[in-house]
Amino acid sequence: MTVQGLFSSKSAAAAQISAVPRFAIVGRGFSGMMMAIAMMKSVHRPFHLQLFDPNSSVSGGQALSSARTATILNTRVRDLSVSVGDTDDFNDWLCSNTEFRAAVPAAIPGFRQIFVPKDIFSDYVYQRFSEALAARKDITVQVCSEPVVAIRRSHGNRFLLESASPTNPLFDTVVLATGYGLPDVEEPQQELSPIRAQRLIARPHIVLLGSGIRVVDKLLQLRDAGYAGQVTILSRRGLLPQSHTPNSADPVFPADALPSNLPDILRSIRTACREAEEEGRSWQSVMNGLRKHARSLWRALPAHQKHQFNRHLRAIYDSHRNRLPEAIYARLQGELASGNTVLRRGLIGRQGMSGLFFRPAGSGTDEIVHAERILDCRCRGPQLNSPLLASLLSEGLALPDELALGLAVDQRGQPLLEDGSTVDGLFAVGPLGQGSLPDIDLVPEIVSQAYAVGEHLAERFYPQMKAV
Ligand SMILES: Cc1cc2nc3c(=O)[nH]c(=O)nc-3n(C[C@H](O)[C@H](O)[C@H](O)COP(=O)(O)OP(=O)(O)OC[C@H]3O[C@@H](n4cnc5c(N)ncnc54)[C@H](O)[C@@H]3O)c2cc1C
């Protein structure tokens, strides 16, 4: 859907915005769109909202809507509601979607336990955004198709956003929702020479880098598109995502007396998994339960153990929390069993003309893996050296977290400074806070955080509303 018809015109906006709080959201991925929904539903008085992203379209989240239809979200419907306090909202939306009901009749009357394609979730988010907007005649929303390159304090507690437009107003509140950063620009790296590679390989060969959900998505997309050649997955740790259970795997985790150091935490997770399985439940239920305590466990860990976790255990944690729907897991296992897809563990080096330097785990020497294409499916973290984040750091508006995985933030995403204080009016929602808040890259956690920010804004700008 186009943007122009949906939003107030710039001149109408200009007349109105001077008198009301001005909010900016930088990034229109899922976090940015969710933040906009939460603001519209939580701040019940007029405001002006400006949404920045170089991608000119407005959808339920850029990454999710641009995914191919065939790719399935790895979170169940029951955990994907964008309505706070109504966990059935997505399920209800699916039930009222005639087309979807016709396509998936077996799941009627409810879809809570199933997994759906990403573009359906994106449609749902977009529809909830449109409805929230349609219900608010008192606000103005402006969409800007440009990246923000810097943020500075100006006129006291307000923020100046630098983008291609010289006319950005000053903002009272800025929410950073830049997730994994801007899409890659042309990198000046050496191009592979497919013709040269073809001379060196016996049959078509594609290399995928990484081992997370993105690799599995890419592999299955290639196969769905008819690619029958060899695929090699190269990964540092070689840990592919585990499987979901066929049933709901309701969370279990012994919450009393949680340990506060890494070895004891690991021991208690192993014990909980063993006990769950002895009682006929699954380790997946324990992982689901563990996620509910992940933040307090993380906060209590000493810094050196956070580093240890990051170096040695994060990949294991990720492969157990980001799980594949059973059918997709079975396809992946089938691929590996056929030998047409091979997983290799080791260090990935630089790219040459016809392949990639690779040092297999346990070997002291590099080899070259020849391929016609190399597709990097590794998940980049937030880019602290991007102009925008670098400007925040140099202005003293934010600090990296202890592991420099993102920004140091509190539960609501407010940047934390050296003395423990927060920066008023500035928020970083979603994966930007992943070094401070475990699982903040996942939909349920982003939804809760966005509403927490929305409620905070309502109280800050219209405190009298609290009593209503
Ligand atoms: C393919 C895929 C599948 C997923 N599946 C699941 C799932 O099943 N379950 C689950 O819970 N989670 C899932 N996730 C994870 C979750 O949805 C993501 O963590 C979430 O999409 C993050 O969204 P985001 O908006 O924070 O970041 P992003 O998606 O990275 O979006 C950031 C946006 O910010 C913009 N931007 C960046 N820098 C600037 C700048 N300087 N100025 C202006 N704009 C900027 C970018 O252009 C981009 O549009 C999935 C994610 C992906 C990508």
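Counting starts at 1 for both ligands and their atoms, in listed order. As the structure is a computational prediction, the values presented were derived from the model and not from experiment.
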Asker: Heavy atoms only: give me the nearest Val409-Leu437 pair and the separation to one decimal.
Answerer: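 What the structure gives for the nearest pair is CG2-CD1, 3.9 Å.
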Asker: If I apply the N/O under 3.5 Å rule, does Ser31 come out as touching ligand 1?
Answerer: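 Yes - when backbone and side-chain N and O of Ser31 are compared with those of ligand 1, one distance drops under 3.5 Å.
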Asker: Mark up the atoms of ligand 1 that fall under 4.0 Å of a heavy atom belonging to Asp441, in ascending order.
Answerer: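 This gives 15 (C), 16 (C), 18 (C), 19 (O) as the contact atoms.
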Asker: For Pro147, take its heavy atoms, then give the atoms of ligand 1 lying under 4.0 Å from any of them.
Answerer: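 Those qualifying, in numeric order: 42 (N), 43 (C).
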Asker: Does ligand 1 have an atom that lies less than 4.0 angstrom from a heavy atom of Asn55?
Answerer: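 Distance cut 4.0 Å: Asn55 fails for ligand 1.
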Asker: Just to verify, which of Arg78, Lys292, Arg112, Arg76 counts as forming a salt bridge (charged side-chain N to carboxylate O under 4.0 Å, His left out) with Asp250?
Answerer: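 Going through Arg78, Lys292, Arg112, Arg76 one by one, the salt bridge (charged side-chain N to carboxylate O under 4.0 Å, His left out) with Asp250 is satisfied by Arg78 alone.
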Asker: Quick check: Asp217 and ligand 1, any N/O pair under 3.5 Å apart?
Answerer: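 Between Asp217 and ligand 1 (N or O atoms, distance only) the closest approach is not under 3.5 Å.
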Asker: Do you know which two heavy atoms are closest between Tyr317 and Leu290, and how far apart they sit?
Answerer: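 Scanning both residues, the minimum pair turns out to be CE1-CD2, 4.1 Å.
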Asker: Listed by chain and number, what are the salt bridge (Lys or Arg N to Asp or Glu O under 4.0 Å) partners of Arg344, not counting sequence neighbours?
Answerer: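 With neighbours one apart ignored, the set is Glu367.
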Asker: For ligand 1, which atoms sit closer than 4.0 Å to a heavy atom of Leu73?
Answerer: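 Per the distance check, 5 (N), 6 (C), 7 (C), 8 (O).
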Asker: Within a distance under 4.0 Å of any heavy atom of Leu442, pick out the atoms of ligand 1 and give their elements.
Answerer: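 What qualifies from ligand 1 is 10 (C), 11 (O), 12 (N).
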Asker: Hey, mind stepping through Ser154 and Leu170 against side-chain contact (heavy atoms from CB on, under 4.5 Å) and telling me if it holds?
Answerer: CA-CA 8 Å; Ser154 184; Leu170 291 174; 3.8 Å; yes
Asker: Check each atom of ligand 1 against the heavy atoms of Asn74 and keep those under 4.0 Å away; list them by number with element.
Answerer: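 Listed by number with element, the hits are 5 (N), 6 (C), 7 (C), 8 (O), 9 (N).
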Asker: Could you give all pairs that pass the ring-ring contact (aromatic ring centres under 6.0 Å, His included) test and reach residues 146-168, with sequence neighbours left out?
Answerer: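 Sorted result for residues 146-168: empty, none.
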Asker: Taking C-beta and beyond as the side chain, do Gln127 and Val125 meet within less than 4.5 Å on heavy atoms?
Answerer: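 Of all side-chain heavy-atom pairs linking Val125 with Gln127, none is under 4.5 Å.
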Asker: Would you call Ile265 and Gln305 a side-chain contact if the rule is heavy atoms closer than 4.5 Å?
Answerer: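 When only atoms from C-beta onward are counted, Gln305 and Ile265 do not touch, as no gap falls below 4.5 Å.
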Asker: N/O to N/O below 3.5 Å, does that happen between Val443 and ligand 1?
Answerer: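 Checking ligand 1 against Val443, an N or O pair does fall under 3.5 Å apart.
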Asker: So which bit of Leu388 gets within less than 4.0 Å of ligand 1, heavy atoms only: side chain, backbone, both or neither?
Answerer: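 Only the side chain of Leu388 comes within reach of ligand 1.
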Asker: Polar contacts were defined as any N/O atom of the residue lying under 3.5 Å from an N/O atom of the ligand; does this apply to Pro444 and ligand 1?
Answerer: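 It does not: no N or O of Pro444 is found under 3.5 Å from an N or O of ligand 1.
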Asker: Provide the number and element of each atom of ligand 1 under 4.0 Å from a heavy atom of Phe30.
Answerer: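 It comes down to these atoms of ligand 1: 21 (O), 23 (O), 25 (O).
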Asker: Report yes if the side chains of Pro204 and Gln230 come closer than 4.5 Å at any heavy-atom pair, otherwise no.
Answerer: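 Counting from C-beta outward, Pro204 and Gln230 never come under 4.5 Å.
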Asker: Should Pro431 be counted as touching ligand 1, given the test is an N or O pair under 3.5 Å?
Answerer: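 By distance alone, the answer is no.
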Asker: Measure the shortest side-chain to side-chain distance between Ser235 and Arg345 over non-hydrogen atoms and say whether it is less than 4.5 angstrom.
Answerer: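 No; the side chains remain at least 4.5 Å from each other.
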Asker: Only heavy atoms count here, so choose which of Arg214, Arg76, Lys118 is nearest to atom 1 (C) of ligand 1.
Answerer: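 When every heavy atom of Arg214, Arg76, Lys118 is considered, Lys118 comes closest to atom 1 (C) of ligand 1.
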Asker: Suppose I only count heavy atoms of Phe52 and a 4.0 Å limit; which atoms of ligand 1 are within that range?
Answerer: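 Counting atoms of ligand 1 from 1, those under 4.0 Å from Phe52 are 43 (C), 44 (N).
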Asker: Side chain, backbone, both or neither: which applies to Ala177 and ligand 1 if a contact is any heavy-atom pair less than 4.0 Å apart?
Answerer: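 It is the backbone that gets close, since no side chain atom is under 4.0 Å.
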Asker: Does any part of the side chain of Tyr124, heavy atoms only, come nearer than 4.5 Å to the side chain of Val82, both counted from C-beta?
Answerer: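 In contact.
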Asker: For ligand 1, which atoms sit closer than 4.0 Å to a heavy atom of Pro54?
Answerer: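 In order of numbering, the contacting atoms are 43 (C), 44 (N).
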